[in-house]
Amino acid sequence: MQPRDLSDHVEYQAGRGIEEVARELGRDPSEFVKLASNENMFGPSPLGADAIRETASDAHHYPTADHADLVARLADDWAVEDDQVWLANGGDGALDYLARATLEPEDGVLVPDPGFSYYGMTARFHHGTVATYPVERDDGFSLTADAVLDAYDGERIVFLTSPHNPSGGRFTLDAVTEIADETRENTLVVVDEAYGEFTDAPSAIDLVRERDDVAVLRTFSKAYGLAGLRLGYAVVPEDWAEAYRRVNTPFAANLVACRAGLAALDDDAHVDRTVETAEWAREYMTENIDARVFESHGNFVLVNVGDAAAVAEALKHRGVIVRDCTSFGLDDCIRITCGTTEETKTAVAELNEVLDS
Ligand SMILES: *Cc1c(COP(=O)(O)O)cnc(C)c1O
């Protein structure tokens, strides 16, 4: 007895945790700064954390009402109908729902290369096929409609990441519109805005309100600091509303996550501080790292360091954990998450010493 043929499937490569690295090196976790997973430098929204504690005594309830409350709040904030907000177990869970709702066996999806690996993973789970469009380093990883449309071959879903992970670049809404206009009627353009709070550009949800072929992904994992709770959502075209009840895993957005998410949405102080600190850190890293730093609109920067594996390893021994981008196909780049002022300065100083040695 064997599982199905999984030879085309790849493992998700997560950024490494402090405990894991500290154990490996036989050192104390407090000696490390982790800037490898684009997590929030200030931790969870304090209002969200309060809600988590207060929800403990209600944990025997299914989250039906809380799910409805959070969806209503998000729909109100984005000026869409409640049914257009597909709440899920993280942004990744929302990607699963979009795949379930669209893909017939052998349907294709078009994904960026380099890019976020879960787009292709979920497509393969749902018996779809995966093609890529290049995000070219020569252009400073600029994200253009032409690069996508040149590679497009009638795929059922086209994934656009904006801001893009790992480069930090972004698509203009005009580019998204052009792609949606030029692709077939049954092609869904999914704009992944996991880092949407960190950019001053308007959300593609503006387009979801006007069109039937664009969906947007958002998450509570980054700016709201709730990655461990697994809460995210897609905003889908109005005509798609009904499909949610047929594709969602019941109660996948859990009670604690729903209550914390709702509270975090009111925590403007936390989000503002997070976004302002990320802006400062991007600028600081760009100005002070002695290597090419690509322009970023997220809470991280991509840096061309030469031998990424060696540099990441040397930094780890110096107590700074960053993301070696070899698994993205960029074996000469590392991705550094924006930390607090102190963490960011430490990372830059250590990196410059490694680059200089
Ligand atoms: C972090 C991230 C997501 C969503 O992550 P979840 O924790 O599952 O919400 C989606 N897309 C990109 C590009 C990301 O970096």
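Note that the numbering runs from 1 along the sequence shown for the chain. Read the numbers this way: they start at 1 and go in the same order the structure lists the ligands and their atoms.
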For atom 13 (C) of ligand 1, the protein heavy atom that lies nearest, with its residue and separation: D192 OD2, 3.4 Å
Nearest-neighbour protein heavy atom for atom 2 (C) of ligand 1, which is reported as residue plus atom name and distance: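 Result for atom 2 (C) of ligand 1: K222 NZ, 2.5 Å.
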[X] heavy atoms, cut-off 4.0 Å: which ligand 1 atoms fall inside?
X	answer
A194	2 (C), 3 (C), 10 (C), 11 (N), 12 (C), 14 (C)
G90	8 (O), 9 (O)
R230	6 (P), 7 (O), 8 (O)
T219	6 (P), 9 (O)
G91	6 (P), 8 (O), 9 (O)

Contact partition for Y195 relative to ligand 1, non-hydrogen atoms under 4.0 Å: side chain
Flag, side chain of T144 to backbone of A147, donor-acceptor distance under 3.5 Å: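 Yes; at least one donor-acceptor contact below 3.5 Å.
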Under 3.5 Å donor-acceptor, D267 side chain and L47 backbone: yes
Is the number of heavy atoms from other residues, nucleotides or ligands under 6.0 Å of [X] [atom1] greater than 12?
X	atom1	answer
E81	CD	no
F251	CZ	yes
E104	CD	no

Under 3.5 Å side-chain donor-acceptor pair for T187 and Y152: yes
Backbone or side-chain N or O of Y119 under 3.5 Å from ligand 1 N or O: no
Backbone or side-chain N or O of T161 under 3.5 Å from ligand 1 N or O: no
Cluster overlap F125 with I157, hydrophobic side-chain contacts below 4.5 Å: yes
